Amino acid sequence: MSAALGRSQASSHRGLQGEGTPMNPCTTAAEAFRAPDLPLTFARRLIDWQRQSGRSGLPWQGTRDPYRVWLSEVMLQQTQVSTVLSYYPRFLARFPDVFALAEAQADDVMALWSGLGYYSRARNLHRCAQVVVAQHGGLFPDSAQGLEALPGIGASTAAAIAAFCHGERISIVDGNVRRVLTRLMAMDADLALASAQHELWQRAQALLPETPSTEDMTAYTQGLMDLGATVCLRSRPLCGRCPVQDLCVAHAQGVPQNYPVKTRLLKRRHESWWLLWLRGPATDASDRVWLERRPARGIWAGLYCLPVFDSEASLLEALPPHLRSGVRALEPVSHSLTHRELRLHPLLLETSEAMAFAADLGGQWVDEAALAQYGLPAPVRLLLSRDLP
DNA sequence: CATACGTGGGC
DNA sequence: TGCCCAAGTAT
């Protein structure tokens with residue numbers, strides 16, 4: 001940000017400065033936000049706006065039960081609200097409290113997480129529940145610091161739980177907050193840098209209401225996210241509906257979409273995988289499919305999957321020669337992950353022969369009717385349902 | 001500090 | 001289509 005811009009912004013905020021605090025001509029917009037009454041103004045407006053216009057009625061709102069708040073926060077990591085809506089009640093119905101989750105089988109947890117992505121979240125969730133039960137008597141720590149020591153709970157999730165459940169005076173800094181605050185203060189630092197992240201968090205802390213009640217911290221925290229999610233939109237912000245529009249430096253500059261400054265570029269490499277779909281009659285009326293467990297590390301770690309090969313040739317080599325001609329190629333499925341663009345080529349082999357060789361693949365037969373109880377990657381579940389009769 | 005880790009949706 | 005992004009964390 002240029003000094004000239006900073007001065008012009010600072011002067012536009014004079015109306016919000018205290019009566020006897022003349023603006024230093026060298027004051028930057030960033031410094032203006034450190035003025036004592038600006039945080040007060042911001043917090044008051046945000047809290048009032050949240051109560052009037054923020055989101056309410058989401059399944060995880062209206063509770064201070066750390067278990068429920070924690071579950072929602074973990075599900076919502078890098079995941080949109082609309083996606084979580086169908087998972088959260090189902091998970092909660094199956095595991096209503098931390099004790100139920102701690103006692104669960106890991107495979108059952110994965111099955112309920114299937115399709116939600118970032119499966120290490122589910123493993124950490126399960127481990128975390130076991131730690132909370134074994135080491136904390138089933139009670140979550142009540143401070144952000146204590147929460148952050150648990151598996152799968154980082155700074156953002158810890159702050160959210162502590163603020164929502166206990167009114168701790170601590171700011172979340174997630175994607176919404178990054179967007180809202182970088183615009184509000186016209187921060188153009190590269191947020192990929194730890195130093196910039198740290199500064200953003202410091203400024204977020206400085207904006208917090210001074211001595212908030214738990215209710216105020218809840219509304220403030222929720223308001224920050226709601227503002228980012230419903231008003232301070234990425235590509236087309238609705239500044240006319242913003243409760244802090246007149247405080248926003250980016251709005252004054254005219255192009256709020258310029259923030260946050262994006263720097264990282266994501267490289268996605270293309271890969272083709274060949275999936276062996278072995279299908280045979282089960283003992284009862286339905287058919288069964290051969291699934292194996294994915295390795296503990298890497299993509300879809302710990303989930304069940306059709307056997308994966310890196311070429312058609314290597315897949316065929318795994319089969320007894322007399323069965324190779326029975327393989328039928330199905331329509332490929334494209335699936336993109338964060339760092340990879342996958343092209344999945346399913347090869348179906350339907351046979352009633354005893355397939356002792358399959359044991360060499362290190363998997364198990366699964367009744368097609370029981371697939372819902374297995375943790376499958378989304379495209380594999382899609383594929384299996386798409387091509388089942 | 002960089003990278004890996006899923007999936008669905010917006011534009 | 002392709003790229004970016006979403007209530008991030010672990011390594």
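It should be emphasised that the depicted structure is a prediction, and the values quoted were computed from it without experimental measurement. Just so it is clear: chains get the letters A, B, ... in the order the sequence lines come, proteins before strands, and each one is counted from 1.
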Rounded to the nearest 0.5 Å, what's the gap from CG on A/Leu303 to CD on A/Glu292? Could you check? 12.5 Å

Mind checking A/Ile153 for me? I need base, sugar-phosphate or nothing, with any heavy atom below 4.0 Å counting as a touch. sugar-phosphate

Have a look at A/Thr338 and say if it touches a base, only the backbone sugar-phosphate, or nothing, with a 4.0 Å heavy-atom cut-off. base

With ring centroids as reference points, do A/Trp70 and A/Phe140 lie under 6.0 angstrom apart? yes

I want to verify a distance call: between B/dT7, C/dT9, B/dG6, whose nearest atom is closest to the A/Gln77 side chain? C/dT9

Salt bridge flag under 4.0 Å for residues A/Arg288 and A/Asp367: no

How would you label the contact of A/Gly115 with the nucleic acid (heavy atoms, under 4.0 Å): base, sugar-phosphate, or nothing? sugar-phosphate

In whole Å, what is the span from the NZ atom of A/Lys267 to the P atom of B/dA2? 15 Å

When you measure from the side-chain N and O atoms of A/Arg340 to the phosphate of B/dC5, is any distance below 4.0 Å, counting only OP1 and OP2? yes

Counting only heavy atoms from other residues, nucleotides and ligands, does the tally under 6.0 Å from CZ of A/Arg297 exceed 12? no

Output yes when A/Arg279 and A/Asp387 qualify as a salt bridge under the 4.0 Å nitrogen-oxygen rule, no when they do not. no

When A/Asp48 is tested against each of A/Gln52, A/Arg51, A/Arg45, A/Arg44 for side-chain hydrogen bond (donor to acceptor under 3.5 Å, both in side chains), which residue passes? A/Arg44

Of the listed nucleotides C/dT9, B/dA4, B/dT7, the one nearest the side chain of A/Thr157: C/dT9

Mind checking A/Ile299 for me? I need base, sugar-phosphate or nothing, with any heavy atom below 4.0 Å counting as a touch. sugar-phosphate

Quick check for you: among B/dA4, C/dC3, B/dG9, whose closest atom lies nearest to any side-chain atom of A/Gln80? B/dG9

So, under a plain 3.5 Å distance rule, would you say the side chain of A/Thr79 forms a donor-acceptor pair with the base of C/dG8? no

If the cut-off is 4.0 Å, is A/Trp300 near the phosphate of B/dT7, judged by side-chain N/O to OP1 or OP2? yes

In this structure, how many angstroms lie between the P atom of C/dG8 and the CD1 atom of A/Ile172, rounded? 9 Å

When the P atoms of C/dC4 and B/dT3 are considered, how many whole Å apart are they? 15 Å

With a non-hydrogen cut-off below 4.0 angstrom, is A/Ser156 in contact with a base, only sugar-phosphate, or nothing? sugar-phosphate

With nearest nucleotides of DNA chain C determined for A/His270 and A/Leu58 from heavy-atom distances, which residue corresponds to the more 5′ nucleotide? A/His270

Mind calculating the distance between CH2 (A/Trp113) and P (B/dC5) to the nearest angstrom? 18 Å

What is the distance, to the nearest angstrom, from the OH atom on A/Tyr119 to the P atom on C/dG8? 17 Å

Could you state the CD-P distance from A/Gln257 to B/dG10, rounded to the nearest angstrom? 18 Å

Please determine, for the side chain of A/Arg179, which listed nucleotide (B/dC5, C/dC5, B/dT7) has the closest atom? C/dC5

Send over the distance from A/Trp70 CH2 to C/dT9 C1', rounded to a whole Å. 14 Å

A/Arg234 side chain, from C-beta outward: closest of C/dG8, B/dG6, C/dC4: C/dC4

Both A/Pro151 and A/Asp226 contact DNA chain C. Which one's nearest nucleotide lies toward the 5' end? A/Asp226

Within the structure shown, what part of the strands sits under 4.0 Å from A/Ala160 by heavy-atom distance: base, sugar-phosphate, or nothing? nothing

Contact class for A/Val84 (heavy atom, under 4.0 Å): base, sugar-phosphate, or nothing? nothing

Do the side chains of A/Arg178 and A/Asp174 get close enough for a salt bridge, i.e. N-O under 4.0 angstrom? no

With nearest nucleotides of DNA chain B determined for A/Tyr87 and A/Ser235 from heavy-atom distances, which residue corresponds to the more 5′ nucleotide? A/Tyr87

For a quick test of reading the model: is some side-chain N or O of A/His339 closer than 4.0 Å to OP1 or OP2 of B/dT3? no

Interatomic distance where CD belongs to A/Glu341 and P belongs to C/dT1 [whole Å]: 9 Å

Would you mind telling me which of C/dA10, B/dT7, B/dG6 lies closest to the side-chain atoms of A/Asn124? C/dA10

Walking DNA chain B from its 5' end, the first of A/Pro379 and A/Ala194 to be reached, judged by nearest nucleotide, is A/Ala194

Nearest-Å distance, CG (A/Leu116) to P (C/dA6)? 17 Å

